[in-house]
Asker: 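Below is one structure. I have some questions about it.
In listed order, ligands and their atoms are each counted from 1.
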Amino acid sequence: MVKRKIIIPFGLTLIFLVLSALAALGICAEEKQVRKVTLDPYLGQRFYESTKLIPDQERSSPLATYRKPELYKLYPQAKKISLPPADFNGISLEETIKKRRSKRQDDVFSDKPVSLKELSQLLFSASGITGSNRGLELRASPSAGALYPIEIYLMANNVLGLDEGVYHYSVSGHNLELLKAGDFRDRIAHAVMNQPGVKESAVVFIFSAIPGRTTSKYDLRGWRYVYMEVGYVSENIYLEATSLGLSTTAMSAFYDDELNNLLDLNGKDEMALHVQILGRKNE
Ligand SMILES: Cc1cc2nc3c(=O)[nH]c(=O)nc-3n(C[C@H](O)[C@H](O)[C@H](O)COP(=O)(O)O)c2cc1C
């Protein structure tokens with residue numbers, strides 16, 4: 001009688017320990033629980049209605065009174081890497097538009113690196129300062145009110161003359177600021193839902209937004225502009241990459257918080273909006 005009392009709990013404990021060990025080894029993994037969340041199906045429509053301009057109506061929210069964030073984001077403590085001048089003259093715009101294509105299979109990129117000169121050209125074409133008007137610096141991509149809410153970060157995986165790591169593009173200095181050194185391929189691949197081509201790419205661009213730059217002037221309607229503007233910046237990279245003979249693909253399917261964490265963005269004042277992978281063609 002006494003013996004049975006001891007043996008049964010011991011047997012159960014043994015089974016539990018074996019199953020836990022197998023689960024830890026991934027052999028008998030428990031089925032992952034997916035939390036189901038129901039969203040407001042009219043959220044998009046409400047956003048559209050709330051951001052309409054209507055004659056004879058002054059629509060405002062406290063957003064417009066917020067302090068306007070700086071126009072140029074800088075990481076003063078970061079190591080700076082200067083970029084060579086962007087002076088490439090490529091194929092005609094018409095030819096570029098005709099040739100532009102998204103490529104994202106696993107074998108689309110060669111393992112040959114992208115040069116720092118090419119990276120410089122791409123960044124300049126996306127957001128470089130190309131002119132001025134009444135003391136206001138103007139950039140390669142258009143921006144509502146010239147407020148430029150889009151920031152560009154990049155992960156250098158295979159760039160000649162650039163250590164692997166996460167960088168921020170400083171528009172005002174046309175240089176790179178090193179934020180994190182090291183190989184972040186696995187992290188970015190997971191964040192971008194292991195889409196094909198991410199791990200093999202030479203560069204992963206991450207476009208973020210600082211919406212306050214635009215909403216401080218345009219209030220809630222500014223959110224519309226922010227989402228449009230990331231498209232302009234991304235398209236310029238598409239076109240420049242095509243002109244340089246490189247391969248690229250935009251990617252918007254990603255786990256937002258994983259990208260924000262990687263870039264140390266709080267997801268409120270600044271958040272990742274779009275990703276673009278790029279590399280040399282596998283020819
Ligand atoms: C906003 C946006 C998001 C996109 N997201 C993805 C993505 O997550 N994964 C992907 O493989 N392609 C993505 N693409 C690329 C499109 O699939 C591609 O542009 C489309 O198939 C048309 O092909 P083309 O770019 O070669 O003309 C995205 C494109 C845009 C504009």
Side-chain angles (χ1 to χ4, degrees), residues 34 39 43-45 47-48 51 90-110 114 118 122-123 125-127 140-144 148-155 157-158 166 169 184-211 214 222-263 265 267 270-283:
V34 176
L39 300 173
L43 188 64
Q45 199 60 40
F47 169 75
Y48 171 69
T51 55
I91 56 176
S92 75
L93 177 62
E94 290 73 20
E95 204 183 330
T96 306
I97 289 173
K98 234 171 143 186
K99 276 187 156 173
R100 187 209 59 79
R101 207 78 292 148
S102 302
K103 299 276 169 63
R104 84 277 274 162
Q105 296 83 357
D106 279 329
D107 61 353
V108 78
F109 298 125
S110 95
V114 163
E118 287 166 326
L122 289 158
L123 291 165
S125 302
S127 245
S141 299
S143 174
Y148 304 105
I150 307 303
E151 292 289 324
I152 306 179
Y153 298 83
L154 64 94
M155 193 154 306
N157 296 329
N158 192 11
V166 180
Y169 174 53
F184 291 89
R185 263 177 258 225
D186 285 343
R187 239 175 114 180
I188 187 77
H190 188 268
V192 190
M193 305 169 111
N194 290 313
Q195 294 197 50
V198 178
K199 269 193 184 171
E200 296 74 23
S201 61
V203 179
V204 181
F205 294 102
I206 305 172
F207 308 106
S208 75
I210 302 181
T214 305
W223 277 96
R224 291 196 192 196
Y225 306 158
V226 168
Y227 286 119
M228 290 177 205
E229 290 185 29
V230 75
Y232 290 114
V233 175
S234 168
E235 176 68 353
N236 274 16
I237 290 200
Y238 256 111
L239 295 177
E240 187 58 70
T242 307
S243 184
L244 287 163
L246 302 171
S247 198
T248 189
T249 288
M251 295 191 161
S252 278
F254 54 78
Y255 299 120
D256 300 65
D257 289 341
E258 288 191 22
L259 284 190
N260 288 338
N261 291 340
L262 185 65
L263 302 176
L265 307 179
E270 183 175 357
M271 65 288 290
L273 283 193
H274 197 43
V275 170
Q276 195 154 344
I277 60 171
L278 174 134
R280 197 163 286 293
K281 283 183 193 163
N282 201 1
E283 286 169 326

Asker: Is there a polar contact, in the sense of an N or O pair closer than 3.5 Å, between His274 and ligand 1?
Answerer: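 N/O-N/O distance below 3.5 Å does not exist for this pair.
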Asker: Among all protein heavy atoms, pick out the one at the shortest distance from atom 19 (O) of ligand 1; state its residue, atom name and that distance to 0.1 Å.
Answerer: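 Answer, as residue, atom name and distance: Ser102 OG, 3.4 Å.
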Asker: Which pairs of donor and acceptor atoms, one on a side chain in residues 194-207, lie under 3.5 Å apart (sequence neighbours left out)?
Answerer:
{"unit_1": "Gln195", "atom_1": "NE2", "unit_2": "Ala253", "atom_2": "O", "d": "3.0"}
{"unit_1": "Lys199", "atom_1": "NZ", "unit_2": "Asp186", "atom_2": "OD1", "d": "3.1"}
{"unit_1": "Glu200", "atom_1": "OE1", "unit_2": "Gly197", "atom_2": "N", "d": "3.4"}
{"unit_1": "Ser201", "atom_1": "OG", "unit_2": "Val198", "atom_2": "O", "d": "2.7"}

Asker: Heavy-atom contacts with Gln195 under 4.0 Å: which atoms of ligand 1 show up? List them by number with element.
Answerer: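 What qualifies from ligand 1 is 7 (C), 8 (O), 9 (N), 10 (C), 11 (O).
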Asker: Tell me: protein heavy atom nearest atom 31 (C) of ligand 1, and distance?
Answerer: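 Checked against all protein heavy atoms, atom 31 (C) of ligand 1 sits closest to Ala250 CB, 4.9 Å.
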Asker: Mark yes when over 12 heavy atoms from residues, nucleotides or ligands other than Phe184 sit less than 6.0 Å from its CZ; otherwise mark no.
Answerer: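 Result for CZ/Phe184: enclosed.
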Asker: With the threshold set strictly below 4.0 angstrom, can you tell me whether any protein non-hydrogen atom sits that near atom 10 (C) of ligand 1?
Answerer: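 Yes, there is one.
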Asker: Is atom 22 (C) of ligand 1 close to the protein, meaning a heavy atom under 4.0 Å from it?
Answerer: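 Protein heavy atom within 4.0 Å of atom 22 (C) of ligand 1: absent.
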Asker: Would you say Ser252 and ligand 1 have an N/O pair spaced under 3.5 Å apart?
Answerer: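 It does: an N or O of Ser252 is found under 3.5 Å from an N or O of ligand 1.
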Asker: Which atoms of ligand 1 sit under 4.0 Å from any heavy atom of Ala253?
Answerer: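 This gives 8 (O) as the contact atoms.
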Asker: For Arg280, is there any backbone N or O sitting under 3.5 Å from a side-chain donor or acceptor partner on Ser247?
Answerer: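 No.
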Asker: With heavy-atom distances below 4.0 Å as the criterion, list the atoms of ligand 1 near Arg100.
Answerer: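 The atoms of ligand 1 under 4.0 Å from a heavy atom of Arg100 are 24 (P), 25 (O), 27 (O).
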Asker: Quick one: does Asp256's side chain get under 4.5 Å of Met271's, heavy atoms only?
Answerer: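 The answer is no, as the side chains (C-beta and beyond) never meet within the 4.5 Å cut-off.
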Asker: Under the salt bridge (Lys or Arg N to Asp or Glu O under 4.0 Å) rule, collect the residues that match up with Glu240, sequence neighbours excluded.
Answerer: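 Salt bridge (Lys or Arg N to Asp or Glu O under 4.0 Å) list for Glu240, sorted by chain: empty.
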Asker: Can you tell me if Lys103 has a non-hydrogen atom under 4.0 Å from ligand 1?
Answerer: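 Flag not set, Lys103 not near ligand 1.
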Asker: Are the side chains of Ile210 and Val226 in touch, meaning some heavy atoms are under 4.5 Å apart?
Answerer: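 Not touching, per the 4.5 Å side-chain cut-off.
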Asker: When you compare the side chain of Val114 with that of Asn158, does any pair of heavy atoms fall below 4.5 Å?
Answerer: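 The answer is no, as the side chains (C-beta and beyond) never meet within the 4.5 Å cut-off.
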Asker: Is there side-chain contact between Arg100 and Glu235, with at least one heavy-atom pair below 4.5 Å?
Answerer: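 Answer yes - side chains close enough.
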Asker: Tell me which protein heavy atom sits closest to atom 20 (C) of ligand 1, plus the residue, atom name and distance to 0.1 Å.
Answerer: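 Answer, as residue, atom name and distance: Arg104 NH2, 4.4 Å.
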